[in-house]
**Q** 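Got a structure here, written out as structure tokens. Questions coming.
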Amino acid sequence: MKFVLAAVLAVVLQAASPGQPSYEKANALFVAQKFAESLAAVEEALRLDPKLIPALTLQAKLAMAANRFDLANRSLERALVLDPQAAYAQFLYGMTAYMNNEMKDALARFRKARELSPKDPRVALYLGLSTESVGTPADALALYQEAIRLERAAGHPQADTLLPGARLLLLLGRLEECETWLREAVKLSPALRDAHFELARLLLKKGDSAQAAAEGELALTLSVGSTPDPAIHYLLIRAWTQAGKPDRAATHAAVMRAQER
Amino acid sequence: MGGSVFRFLLLLTALEAAAAPPPIRFEEIAAQSGLRFELQNGEAGGFHQIELTLGGVAAFDYNNDGCTDIFFTNGAAIPSLRKTSPKFSNRLFRNNCNLTFTDVTAETDLAGEGYAMAVATADYDNDGFADLFVAGVKGNTLYRNLGNGRFAAAPLPLPDAPKWAVSAGWFDYDNDGWLDLFVANYVVWDAATEPRCGTPERQYYCHPNAYQGLPNQLFHNNHDGTFSDVSAASGIGRQIGKGMGVSFADFDDDGLTDIFIANDSVRGILFRNEGQGKFTEIGLEAGVALRDDGYAIAGMGADFRDLDNDGKPDLLVSGIVNDSFLLFRNLGGRKGFEDYAQRTGLLMSTRQLTGWSLGMFDFDNDGWKDLFFALGHLMQLDRYLGRQSALPNRVYRNIAGQRLEDVSSTAGPAFQVAAAHRGAAFADFDNDGRIDVVVTAVNGPAKLFRNVSAGPAHWLALRLRGTRSNRQGLGAKVHVRLPDGRHLYNHATTAVGYASSSEPLVRFGLGTNRAAAEIEIQWPSGRLQKLSSVAADRVLDVTEDGEP
């Protein structure tokens with residue numbers, strides 16, 4: 001009861017912050033990807049209230065968008081000194097380490113974030129990714145499963161959350177489980193090229209080169225996702241070759257070579 | 001019923017235990033054998049890329065006494081790239097045939113100059129003495145073995161600008177009986193203009209993406225001690241890469257030797273030898289250009305041999321942490337390759353490793369080539385991973401061409417010692433029939449891993465002497481049929497791993513067989529030579545004979 005009262009009080013105090021209007025403006029500009037204007041607004045918010053934690057985390061996000069992880073860390077560390085329970089700041093603090101490939105720090109920070117926010121699927125997902133990077137795939141897979149469970153519990157399963165686990169299952173040779181995850185990802189986000197690409201990889205691994213080629217060709221037509229074109233072309237070279245259509249394979253090889261020049 | 005099943009399982013377990021070969025084991029004997037060499041990268045806090053990539057070593061018999069000698073390349077001061085101190089000298093150690101070595105660098109005139117990276121050995125002038133090619137950051141040197149215990153620099157065509165070469169290899173691409181030279185070039189580099197990464201307070205080595213790649217080079221042997229640069233005419237020079245390891249094999253069995261180059265963070269290159277002095281790059285079509293997910297790993301070392309005893313050379317490539325090492329199984333002819341790293345267990349077990357040189361050799365002589373990896377993370381990875389950059393090496397046992405089992409933990413206490421390993425060369429230095437390994441380490445002592453694997457397995461090594469083919473028979477393909485019905489395949493090459501050069505002998509582990517029932521040698525000249533009922537446990541000298 002005391003905790004609830006304290007939380008309510010904190011919200012009231014936050015709402016009463018003189019920097020709040022500037023912060024809200026900065027956040028809206030950030031969402032609109034007007035980063036320079038957003039930065040000016042967030043700095044104004046922090047001038048008015050240097051202890052405004054949402055403004056500090058937004059300042060960190062802006063720094064991360066500019067690849068200034070040193071500045072992001074500074075903002076986040078300040079936020080976490082002010083409020084060690086600031087779960088989102090702690091998550092972002094993990095992200096700065098993760099994006100800088102500093103996995104030892106990332107693991108420690110995400111573990112702390114997970115303590116603060118055990119129901120946040122993003123934290124479980126990125127803790128899983130960090131865990132996989134340092135070579136403990138079984139633990140990573142458990143975390144991916146947990147992230148998906150949390151998303152399902154919240155009623156918002158995401159294809160992007162299914163894919164890291166599916167990739168790991170493919171690496172581990174657990175093809176049937178992988179296919180289950182990938183089919184669900186495709187169903188959730190039929191316009192996501194990453195999901196179709198991974199499904200194509202799986203199908204090729206299972207020997208279904210014709211279907212792999214079909215999925216790969218579909219992936220190439222989709223613009224949403226982070227799988228680069230060359231990766232899809234390379235898959236299609238192998239899929240069409242195995243499907244007995246070397247002319248189709250040659251077309252993709254020619255595209256890759258043209259892009260290399 | 002239950003009892004009989006239990007007894008059957010017990011019997012099966014007993015049979016498996018009886019069949020399990022003794023562990024692959026190594027002793028490290030460099031210091032006690034007089035092999036005292038420290039690879040010096042000349043680092044002085046400048047985070048120069050060249051500091052990361054040196055360390056080539058060669059295993060070759062320079063004086064034809066039947067005992068394999070060792071040549072180490074070495075770094076230099078930075079930025080002068082001069083060997084300003086004896087500590088930077090390249091070094092040749094003569095094998096005294098009693099498990100001791102003597103430093104003969106001075107008397108052989110091989111101390112060298114410049115910042116050396118790699119070495120490739122072969123008898124390019126067919127005079128019966130193995131010669132040396134030393135590749136470096138700002139220039140390469142070809143040393144001709146004079147046959148009197150000395151070497152002399154020999155001419156090579158000068159490039160328009162010095163190129164940083166990381167590996168090289170000898171092969172006879174046109175089967176004219178004379179060895180040609182392939183040089184794998186890395187990136188454009190100059191100490192003064194090199195990109196700087198990080199901040200002044202926290203500098204680090206730049207990613208290879210910060211550097212411009214280079215084409216490789218091919219030099220045709222003119223049969224008179226000179227070479228012609230045929231990089232452009234052959235098609236080799238058209239492909240830009242960031243070349244690291246190079247290896248050769250006739251992957252499509254058309255009688256012409258093909259070339260694979262592992263590239264750092266750009267795709268791998270496979271040059272198919274079309275004959276008539278022309279090569280076509282087919283890495284994409286063959287399925288060896290990229291990792292399965294289309295990602296370009298930081299390719300380092302490469303070896304191109306038949307891993308599963310199906311007569312078709314397979315391809316092994318090392319990479320850095322989170323790459324996983326690549327293993328491609330040759331499907332035969334022009335069908336290309338398939339990913340074999342996952343099925344054999346290599347993919348996941350190498351995911352946390354950074355590998356440099358490597359080799360596919362049958363360390364336990366059971367008839368299946370095993371894998372050896374020289375390991376060491378890039379120096380700057382300490383703080384990223386929260387672990388030491390130094391790594392112990394790894395050895396994997398090949399289980400019937402189906403599985404690769406990491407048996408490093410039982411390979412002996414010295415094998416567990418971590419270092420920044422780089423080059424590795426493979427030879428039987430003590431002539432006991434078991435393949436040994438010499439390994440370099442950045443700013444640390446070289447290691448000589450003497451293979452002391454126990455067990456009764458038999459072996460056979462072929463020392464080839466070409467008459468119409470090149471003198472060492474490099475490129476010759478050897479097929480051994482064993483009395484137990486098994487077929488083994490290997491070919492003669494010294495281009496193995498990363499920046500390094502291994503013995504030219506063609507080796508086979510025969511398992512429990514005391515002889516080879518039949519041996520077929522397909523010489524580069526086209527001649528096919530057959531031998532029958534060849535007794536095991538010896539080095540067999542074979543001179544090229546027979547009709548093409």
Side-chain angles (χ1 to χ4, degrees), chain A residues 68-70 97-98 100-108 129-130 132-138 167-168 170-175 194 197-198 200-202 204-205 207 216 219 227-242 244 246 249-250 252-257 260-261, chain B residues 198-199 201-202 204 207 213 238-241 263 266-269 280-296 320-324 328 331 334-353 378 380-387 403:
Chain A
R68 289 297 306 268
F69 295 101
D70 52 337
Y98 178 81
N100 237 357
N101 218 8
E102 294 174 335
M103 293 303 158
K104 186 185 168 191
D105 289 342
L107 281 169
L129 287 164
S130 307
E132 189 183 345
S133 286
V134 298
T136 41
R167 287 188 192 105
L168 182 54
L170 186 60
L171 284 173
L172 293 168
R174 292 162 62 173
L175 303 187
D194 303 356
F197 170 71
E198 297 300 339
R201 285 180 64 210
L202 170 81
L204 190 60
K205 194 70 80 182
T227 306
D229 280 3
I232 304 174
H233 286 300
Y234 186 59
L235 175 122
L236 285 165
I237 293 167
R238 289 170 290 149
W240 285 124
T241 300
Q242 287 181 30
H252 289 284
V255 172
M256 280 189 82
R257 289 207 163 82
E260 283 176 351
R261 282 194 281 271
Chain B
T199 61
E201 304 81 41
R202 204 180 186 200
Y204 51 83
H207 189 274
R238 279 201 288 274
Q239 187 74 36
I240 305 293
N263 285 297
V266 294
R267 71 175 180 85
I269 292 171
T280 304
E281 201 289 305
I282 59 155
L284 294 171
E285 292 84 349
V288 297
L290 296 161
R291 200 172 63 187
D292 186 58
D293 59 357
Y295 175 82
I320 70 167
V321 64
N322 283 326
D323 276 348
S324 290
F328 299 106
L331 300 173
R334 299 207 166 177
K335 292 180 194 157
F337 294 74
E338 66 174 0
D339 169 38
Y340 205 45
Q342 184 187 52
R343 256 191 285 164
T344 52
L346 191 70
L347 192 79
M348 287 306 286
S349 74
T350 56
R351 209 170 174 209
Q352 293 300 307
L353 305 179
L378 298 171
Q380 67 187 36
L381 280 180
D382 288 41
R383 68 188 178 91
Y384 291 117
L385 294 174
R387 306 179 201 152
R403 295 285 302 166

**Q** Please classify the contact of Leu347(B) with chain A as side chain, backbone, both or neither, using a heavy-atom distance under 4.5 Å.
**A**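 Only the side chain of Leu347(B) comes within 4.5 Å of chain A.
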**Q** Heavy-atom cut-off 4.5 Å, strictly under: side chain, backbone, both or neither for Glu260(A) against chain B?
**A**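 Interface part for Glu260(A): side chain.
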**Q** What residue in Arg238(A), Arg261(A), Arg201(A) has the most heavy-atom pairs under 4.5 Å with chain B?
**A**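 Most heavy-atom pairs under 4.5 Å with chain B: Arg201(A).
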**Q** Check the pair Thr344(B), Arg403(B) against side chain to side chain contact (heavy atoms under 4.5 Å, CB included), reporting the backbone distance first and the verdict last.
**A** CA-CA 4 Å; Thr344(B) 52; Arg403(B) 295 285 302 166; 5.7 Å; no
**Q** Please confirm whether the backbone N or O of Gly241(B) pairs with a side-chain atom of Gln239(B), one donor and one acceptor, at under 3.5 Å?
**A**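 Flag not set: sc Gln239(B) to bb Gly241(B) has no pair under 3.5 Å.
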**Q** Identify the heavy atoms of Ile269(B) and Ile240(B) that sit nearest to each other, and give their distance.
**A**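 Where Ile269(B) meets Ile240(B) most closely, the heavy atoms are CD1-O, 4.3 Å.
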**Q** Measure distances from Ala249(A) to the heavy atoms of chain B and classify the residue's part below 4.5 Å as side chain, backbone, both or neither.
**A**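 When you check distances to chain B, no heavy atom of Ala249(A) falls under 4.5 Å.
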**Q** Closest approach of Val134(A) and Met103(A), non-hydrogen atoms and distance?
**A**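 Distance-wise, the nearest heavy atoms are CG1-CB, 3.7 Å.
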**Q** With a 4.5 angstrom heavy-atom cut-off, is it the side chain or the backbone of Ile232(A) that approaches chain B, or both, or neither?
**A**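 Neither part; nothing is under 4.5 Å.
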**Q** Just jot down the side-chain contact (heavy atoms from CB on, under 4.5 Å) partners of Pro228(A), sequence neighbours excluded, or say none.
**A**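 Checked Pro228(A) against side-chain contact (heavy atoms from CB on, under 4.5 Å); matches are Pro230(A), Ala231(A).
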**Q** Just wondering, do Leu175(A) and Leu170(A) contact through their side chains at under 4.5 Å, heavy atoms?
**A**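 Yes - at least one pair of side-chain heavy atoms lies under 4.5 Å apart.
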**Q** Heavy-atom distance under 4.5 Å to chain B: side chain of Leu236(A), backbone, both or neither?
**A**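 For Leu236(A), neither part sits under 4.5 Å from chain B.
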**Q** If contact means a heavy atom pair closer than 4.5 Å, which residues of residues 289-296 of chain B contact chain A?
**A**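 Within residues 289-296 of chain B, the residues that come under 4.5 Å of chain A (heavy atoms only) are Ala289(B), Leu290(B), Arg291(B), Asp292(B), Asp293(B), Gly294(B).
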**Q** Angle class for the His252(A)/His233(A) ring planes (parallel below 30°, perpendicular above 60°, tilted otherwise)?
**A**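 His252(A) and His233(A): tilted rings.
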**Q** Does this structure show an ion pair linking Glu132(A) with Arg167(A), if we count only N-O contacts that are shorter than 4.0 Å?
**A**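 The answer is no: the pair does not qualify as a salt bridge.
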**Q** Testing the basics here: between Arg68(A) and Asp70(A), what is the closest heavy-atom pair and its distance to 0.1 Å?
**A**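 That would be NH2-OD2, 2.9 Å.
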**Q** Show your working on side chain to side chain contact (heavy atoms under 4.5 Å, CB included) between Glu285(B) and Thr241(A) and close with a plain yes or no.
**A** CA-CA 8 Å; Glu285(B) 292 84 349; Thr241(A) 300; 6.0 Å; no
**Q** Side chain, backbone, both or neither: which part of Glu338(B) has a non-hydrogen atom closer than 4.5 Å to chain A?
**A**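 Neither the backbone nor the side chain of Glu338(B) comes within 4.5 Å of chain A.
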**Q** With a 4.5 angstrom heavy-atom cut-off, could you sort out which part of Leu235(A) is near chain B: side chain, backbone, both or neither?
**A**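 No part of it gets close to chain B.
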